[in-house]
Undergrad: 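Sending over a structure as structure tokens; questions will come in a sec.
Below, chain A is the first sequence line, B the second, and so on; all start at residue 1.
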Amino acid sequence: MAGHSEEHSAHAHPSDRFYWIVAGVLAVVTALEIGLFIVNEQHLIAKWLEVTLLLILSTIKGAAVVMFFMHLKGDAGIFKFVFLVPLAFATTLLLSFMVLFSDHVGIAG
Amino acid sequence: MAIAERTAGTVSIPVVNVRPGWAGWLSTTDHKRIGIMYLVSAFVFFLIGGIEALLMRIQLGVPDNTFLTPDVYNQLFTMHGTTMIFLGLMPLNVGLGNYLVPLMIGARDMAFPRLNALSIWLFIFGGLMLYVSFFVGGAPNVGWFAYAPLTQKQYSPTAGVDYWIIGIGLTGVASIAGALNFIVTILNMRAPGMTLNRMPLFVWMQLVVAFILIFAFPVLTVATIQLLFDRHFGTRFFLPNLGGDVVLWQHLFWFFGHPEVYILILPTMGIISEVLPTFSRKPIFGYAFVAYSGVAIGFLGFLVWAHHMFAVGLGPLANAFFGAASFLVAVPTGVKIFNWLATMWQGSLNLTTAMHYAIGFISMFIIGGISGVTLASPPINVQQTDSYYVVAHMHYVLFGGAIQGIFAGIFYWFPKMTGRMLDERLGKWQFWLMLISFNLTFFPMHLSGNAGMPRRIYTYEADMGWNLWNLISTTGSLLLAVAFLLFLWNVVTSIRRGPIAPADPWDGATLEWAVSSPPPVYNFAVTPRVRSRRPLWDQKYPHLREINSGHGMSGAHNESEKRDGFEHETSPAMEPIHLPSPTYAPLIVSVGIMILGFGIIYLSDFGLIAASAMIVGLLIMAFGILSWVRISHVDSPHHAH
Amino acid sequence: MRILPGTLLRATILIALLVILTACSAGPGDTYDPYGDNARRIYELLIPIWWMALGVFIVVEGLLIYAIWRFRRRPGSTAMPAQVHGNMQVEILWTIAPAIIVLVIAVLTFRTQAENAVMPEDALRIKAIGHQWWFEFQYPGLGAEGKPLVTASDMYIPVGRPVTVVLESQDVIHNFWVPKLAGKTYMIPGKTNFLTFTAEQPGIYRAVCAEFCGEAHALMRFRVIAVDEAEFERWIDQKKTPPAAPVGTLTVNGLTGDAARGQAIFLDARKQCIACHVVEGTNARGLIGPNLTYYGSRQTIAAGVLPYSPENLARWLREAPKLKPGNLMSRVLTPQWIRANLSDQEIADLVAYLDSMKVSVALPPER
Amino acid sequence: MSESSMTRPPTAAAHHTSLGVDNRKLGVWTFIGSETMFFATLITTYFVFAPVNRARPDFQDPRKFLDIELTTVLASILLASSLTMVLALSASRRGDRRSFTTWLLATVGLGLAFIGGQVYEFNHLYHEGLTLSSSLFGTTFFVLTGFHGAHVAVGVIWLLSVFFKVRAYPDSPENAMDVEIAGLYWHFVDLVWVAIFVLVYLI
Ligand code: HEA
Ligand code: HEA
Ligand code: CUA
Ligand SMILES: [Cu+2]
């Protein structure tokens, strides 16, 4: 991590080669996702495990896009703030609504 | 004291290319003019909302009244609520912010002056669109939170709801654009030395509010888009018989709606935090606590939305959670209240009209806050929700709180904005009349609410025991109108004949008082360098300067820095003053968007005509954007003129 | 000295209001006058919170008024007060003190919440369905042949026995509120809600729809009639047998209506009534409007628009569009339609018929 | 304006900012934060209704309608466009105008390809009987992916406007920033697709 942030700091921008590598990683992860999806049409592993793996893989993907393509990694802290705080709110929104809509008891007060 | 004069010899004063007369206003990108346009248009909308309220109050003055038909009454309360919130209070706050934030942080303008102009136009057109609905088949009549499925075509066949959606949509885009502008301006355009820790509290609160806005508003936008699709394009988000979920609308609306009420109150809490110290001749007590409690309120505001839904049947667990979270808001709010009291404590209170209103804010807001706490208790809430008790609560916080806070701000900053003083004596008459009639109007609503009077009823039976309360309310509201007329009179006469305002009429402490009244277009001839929270104050009273200002900041002040609250850049002659040129582009873009909006409303009913309107709108928009891009390039600081 | 008279004035007004409050007797919708366990527990929760709130109010306003009086700038004074920036101890104090108060409030709240959420197994279940703009009540299994017993606008319940109201809606959201018996609960299309309460005293309780539900929301009312258990059984027994063939006459507004003729008109498809209304034991099977079986025993007409009386009933049939703007009956029974299709004599006959269907119950007092 | 003021480096006094970051870049990042909430709400709605859809008589099974091959192509297109975008930025920072043009137009092309793919997909689904009103899945799916598609379209227009601006004023010192902020928006739209891809198509 430290090694990279060196590279991204100040105005030293990463090389094109680096972007190609990131894109390669993204391609591989996407392939893994799709592979997992197709293979598990046969229900080889439990659904929850598949979902967890998929979420992890796409988090990696998203993080790579944000950190390297959008250069959030190593960029000014304020950008992290204005992006990550709403991201946290957004996640809260999603999770809390899933809880709220999971079952209705129907007793008021 | 005015820097502009003192240093004018050493800087290049820009030739400002302001168009004369109306054209100047239509093409302006000056944050001060835009601020005034916000204030004036919002105040006009406010008066219209007030007249709607008066009509409702007349209808409710006596039981079984037939002054209004139910449908008209329903349109009136919907438009009253929508107007007051979206077209009155919010833009009044935005207007003050627009005018003052750049001045207070020592900037020449907002970060994006043209975007700022777009915001004001979208706001005005959004408001006008809402009001067009009255003339084309009926205004929205579903209440300001527009619960599904009443809003569906089946139950609300007129275009009123569509106008509501589009009108709110336009003002919503305006608000989001405005919030982006505030965030960037406040974070990035502060004068040298103006650390976050030295920012005036009004600016702090505007910053918090801008963040709340950009987090909360998109949720409303999505909900209204979904409703629009339900009404016109065959979706079923909120159609229960097809599997849609009407409770989802409520969650989405209030996920926005509760943060919204803090959007309304926090800027005025910022005003109070400016007015009280000035007229107490003391610094704000517990600056950091007042600032961070605002952040805490803003944050907690996102965790309490379902306290508007206790009667929905979410289950005891959910209700308990949202109730507890709501109680928690009382703590940071209390912190603010007590710090304000401590600011006044042992001060030298100059009881100007602005100070009257600031004190009025505290005394009335806590009544609303306390009724909020009873409402936040789920069991109590199910007795009080949907009753006039809620109407009482909201008006104590909205009127007793926010509107009185705005008046504090207007009386405080009017001299700065117009160069004239308002009449203080008239102002105090207005204050007392307003305070009394406000309580006459809204206090009885606690009682009628707890005596079983539901809200949003156009008539009631004579034997319910509510007659006296309603009569008092109606009387009070008529007196309120007199108070507003006093204010209008005061403004009109003072602008013409009021005493000329000096740069610093109140012995203020913050940067806006360092420039002339009204300030020059470029605000500061030379960008000030800030050394403390009270830059101007420290300059006027060097012996009282805050040695350790910015608490916890390193004491790296050298001798010359200690001498002055703020200084000017050491090389004044160097910096050319750069101001954005006037342009019609934002106006054109918003006209295009408005026409597009009309097209959307009628798309499913008048396909061809509406579609052509949409295309026309898009073309106008495209034209506006093109000239926008051109002017912003020509105008860019790097571009040789 | 400027500010004092105003403050006094304000205080006087508030005190005057409080005096009026205590002096005036409870109205029919008063939440401070509970007759049901649910509402009573809420009221008992409100009282301590109210005292705490009053305490906070007095402290804050007291400090405020004292500060204004004590620290106001005297004329000619140029003194510069001490520039105090803050104090950690007091900050902590006034963070913790309100926190403790709200903690107490929360604990009390949760207790009441738990008590009011209890739904006993043996509670009487009544289904309440919201319509634009009236309430329908179904007593499952209590009608003829185990079918639900259906009525509207008057909800009979036994005293002293827990009732669980199962809340549903036919169209938009409504809100079921009997202020003296229980807190309100939404009736939501696509969702079922429950509300349990016990009436502690016999009585006729006013109730309303509290959520805005469209044009005639203000006129969507009902009554809860709590009678003792034996009387309730008697009501059920009568209600579940279809009304006998109508006999007799009734004079309304000078016209003598004939019940049997009225029934014939009612059942005449050209007069439309049966398209929307049910009368048990006849071929009136319309499900759009309220069930009119034993209509003669209603307390009110059209969800509380008028008190029940033959004269008012005749008025309703003639002027429904005016009496309750927007009501769905008037979509068909427009003023023109009525003029063309219902003579005053026919209306008198209809009234005689509807009024002839009565059950006998000993009515409790109005609360 | 005096000549001398123009000789100063563009990031100095004229662009002095409190945080030392560019105003417009900060604005776009903040806007992206706001858009995050926008899409989160749409995605939340999708999830709230997924189980309801399953329980209804007019249930339409996402798995039956969504075609993994087409989706893979769409996802790859957008990911590739992110690469070309960042390469365009890199080229514009280097001042390499030719490869900037290439990569930027490649991005535009990929964006158009994505939109084309989505139009194809929607058309295909429509003929299979999935519409806005056919089921809750149709309702939530089209509104979510449709709004994403609209964002891609806005992105394409934005990129084109940057392209023309740079062509008209090749020496403007703001060009790199113009490209960067358009790129930020573009990557964000890609990012949303990463989420939609997994949440809607795969799970
Ligand atoms: C400016 C706007 C504003 C503000 C600031 C507030 C503040 C609060 N509101 Fe209010 N509210 C509205 C505007 C506002 N509200 C509106 C418009 C509605 C109605 C919407 C509609 O239905 O149309 C509404 C409705 C509303 C409801 C739903 C009612 C219903 O319909 O059922 C609830 C329920 O919890 C609630 C709670 C609160 C609480 C707990 C606060 C708290 O933030 C208050 C905190 C403040 C204090 C408590 C006072 C100061 C504190 C102290 C002095 C410390 C000591 C105090 C204690 C220990 C108690 N509000
Ligand atoms: C900032 C917000 C705000 C403000 C300031 C007000 C101000 C007032 N409100 Fe409002 N109100 C709301 C926000 C606000 N309200 C909201 C959100 C609702 C809920 C809506 C809903 O249920 O959907 C509501 C609902 C509401 C109701 C309940 C309606 C119902 O449920 O049936 C009532 C009833 O009395 C009421 C009354 C008033 C009155 C008398 C004023 C007075 O204070 C108004 C004072 C102003 C004036 C009296 C205007 C003076 C005008 C002139 C002097 C004329 C000058 C003319 C020219 C120059 C041409 N309001
Ligand atoms: Cu039903 Cu209001
Ligand atoms: Cu709230």
Undergrad: For the pair D:Met85 and A:Phe69, evaluate side-chain contact (heavy atoms from CB on, under 4.5 Å) and give the outcome as yes or no after the intermediate values.
TA: CA-CA 9 Å; D:Met85 184 68 235; A:Phe69 284 172; over 6 Å; no

Undergrad: Hey, mind stepping through A:Trp20 and D:Leu87 against side-chain contact (heavy atoms from CB on, under 4.5 Å) and telling me if it holds?
TA: CA-CA 9 Å; A:Trp20 281 98; D:Leu87 291 175; 3.6 Å; yes

Undergrad: Say you draw a straight line from CG of A:Leu26 to CG of D:Leu79; how long is it, rounded to the nearest 0.5 Å?
TA: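 One finds 5.5 Å between CG of A:Leu26 and CG of D:Leu79.
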
Undergrad: Between A:Lys47 and D:Ile203, which heavy-atom pair has the shortest distance, and what is it?
TA: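 Heavy atoms of A:Lys47 and D:Ile203 come nearest at NZ-C, 4.1 Å.
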
Undergrad: Could you look at D:Leu184 and say if it's the side chain, the backbone, both or neither that has a heavy atom under 4.5 Å from chain A?
TA: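 Both backbone and side chain.
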
Undergrad: Go through D:Val194, D:Ile43, D:Leu83, D:Thr36 and name the one with the most non-hydrogen pairs under 4.5 angstrom from chain A.
TA: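 Answer, by heavy-atom pair count under 4.5 Å with chain A: D:Leu83.
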
Undergrad: Is it the side chain or the backbone of D:Leu202 that comes within 4.5 Å of chain A heavy atoms, both, or neither?
TA: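 D:Leu202 touches chain A through backbone and side-chain heavy atoms alike.
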
Undergrad: Please look at A:Met98 and chain D and tell me whether the side chain, the backbone, both or neither of the residue comes under 4.5 angstrom of a heavy atom of that chain.
TA: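 For A:Met98, the side chain is the part near chain D, not the backbone.
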
Undergrad: Can you give me the closest heavy-atom contact between D:Ile68 and A:Ile34, atom names plus distance?
TA: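 Taking every non-hydrogen atom into account, CG1-CG2, 4.2 Å.
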
Undergrad: Which value, rounded to the nearest 0.5 Å, describes the distance between A:Arg17 atom CZ and D:Ser90 atom OG?
TA: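 Rounded to the nearest 0.5 Å, the CZ-OG separation comes out at 13.5 Å.
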
Undergrad: Just give me the residue among D:Trp186, D:Phe38, D:Phe47 that pairs up with chain A most often, heavy atom to heavy atom, under 4.5 Å.
TA: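 Between D:Trp186, D:Phe38, D:Phe47, the count favours D:Phe47.
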
Undergrad: Thinking salt bridges, do D:Arg94 and A:Asp16 make one under a 4.0 Å N-O criterion?
TA: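 Salt bridge present between D:Arg94 and A:Asp16.
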
Undergrad: Give a yes or no on this: more than 12 heavy atoms of other residues, nucleotides or ligands lie within 6.0 Å of atom CZ of D:Arg167.
TA: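 Open.
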
Undergrad: First locate atom OH of D:Tyr201, then atom CZ of A:Phe37, and finally report the distance between them rounded to the nearest 0.5 Å.
TA: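 Separation between the atoms: 11.5 Å.
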
Undergrad: Taking all non-hydrogen atoms of both residues into account, name the closest pair between D:Ala40 and A:Ala90 and its distance.
TA: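 Result for this residue pair: CB-CB, 3.4 Å.
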
Undergrad: I need the A:Lys61 NZ to D:Trp193 CH2 distance, nearest 0.5 Å.
TA: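 Separation between the atoms: 10.5 Å.
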
Undergrad: I'd like to verify something: which residue of D:Val52, D:Asp190, D:Leu26 has the highest number of heavy-atom pairs under 4.5 Å with chain A?
TA: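 Most pairs with chain A among the choices: D:Leu26.
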
Undergrad: Start with the C-alpha gap between D:His187 and A:Val66, add the side-chain angles, then the distance that decides, and say whether side-chain contact (heavy atoms from CB on, under 4.5 Å) holds.
TA: CA-CA 8 Å; D:His187 294 305; A:Val66 174; over 6 Å; no

Undergrad: Once you round to the nearest 0.5 Å, how far does CD1 of D:Ile32 lie from CZ of A:Phe83?
TA: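 The CD1 atom of D:Ile32 sits 7.5 Å away from the CZ atom of A:Phe83.
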
Undergrad: Please determine whether the number of non-hydrogen atoms from other residues, nucleotides or ligands lying under 6.0 Å from atom OH of D:Tyr120 exceeds 12.
TA: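 Open: at most 12 neighbouring heavy atoms sit under 6.0 Å from OH of D:Tyr120.
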
Undergrad: What heavy-atom pair brings D:Val21 and A:Ala76 nearest, and what distance separates the two atoms?
TA: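 Residues D:Val21 and A:Ala76, closest heavy atoms: CG1-CB, 3.4 Å.
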
Undergrad: Quick one, D:Lys25 with A:Ile78, criterion side-chain contact (heavy atoms from CB on, under 4.5 Å). Give me CA distance, side-chain angles, the key distance, then yes/no.
TA: CA-CA 11 Å; D:Lys25 188 169 168 188; A:Ile78 187 65; over 6 Å; no

Undergrad: With a 4.5 angstrom heavy-atom cut-off, could you sort out which part of A:Ser58 is near chain D: side chain, backbone, both or neither?
TA: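 For A:Ser58, heavy atoms of backbone and side chain both lie under 4.5 Å from chain D.
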
Undergrad: Please flag which part of D:Phe39 lies under 4.5 Å from any non-hydrogen atom of chain A: side chain, backbone, both or neither.
TA: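 Contact with chain A is absent: no heavy atom of D:Phe39 under 4.5 Å.
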
Undergrad: Is D:Trp103 in contact with chain A via its backbone, its side chain, both, or neither, using a 4.5 Å heavy-atom distance?
TA: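 Just the side chain, heavy atoms under 4.5 Å.
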
Undergrad: Can you tell me which portion of D:Thr41 sits under 4.5 Å from chain A's heavy atoms? Options are side chain, backbone, both or neither.
TA: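 Looking at D:Thr41, backbone and side chain both touch chain A.
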
Undergrad: Is the A:Phe79 ring parallel, tilted or perpendicular to the D:Trp29 ring (thresholds 30°, 60°)?
TA: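 Ring orientation of A:Phe79 relative to D:Trp29: parallel.
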
Undergrad: Under 4.5 Å from any heavy atom of chain A, what part of D:Ser76 do you find: side chain, backbone, both or neither?
TA: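 For D:Ser76, neither part sits under 4.5 Å from chain A.
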
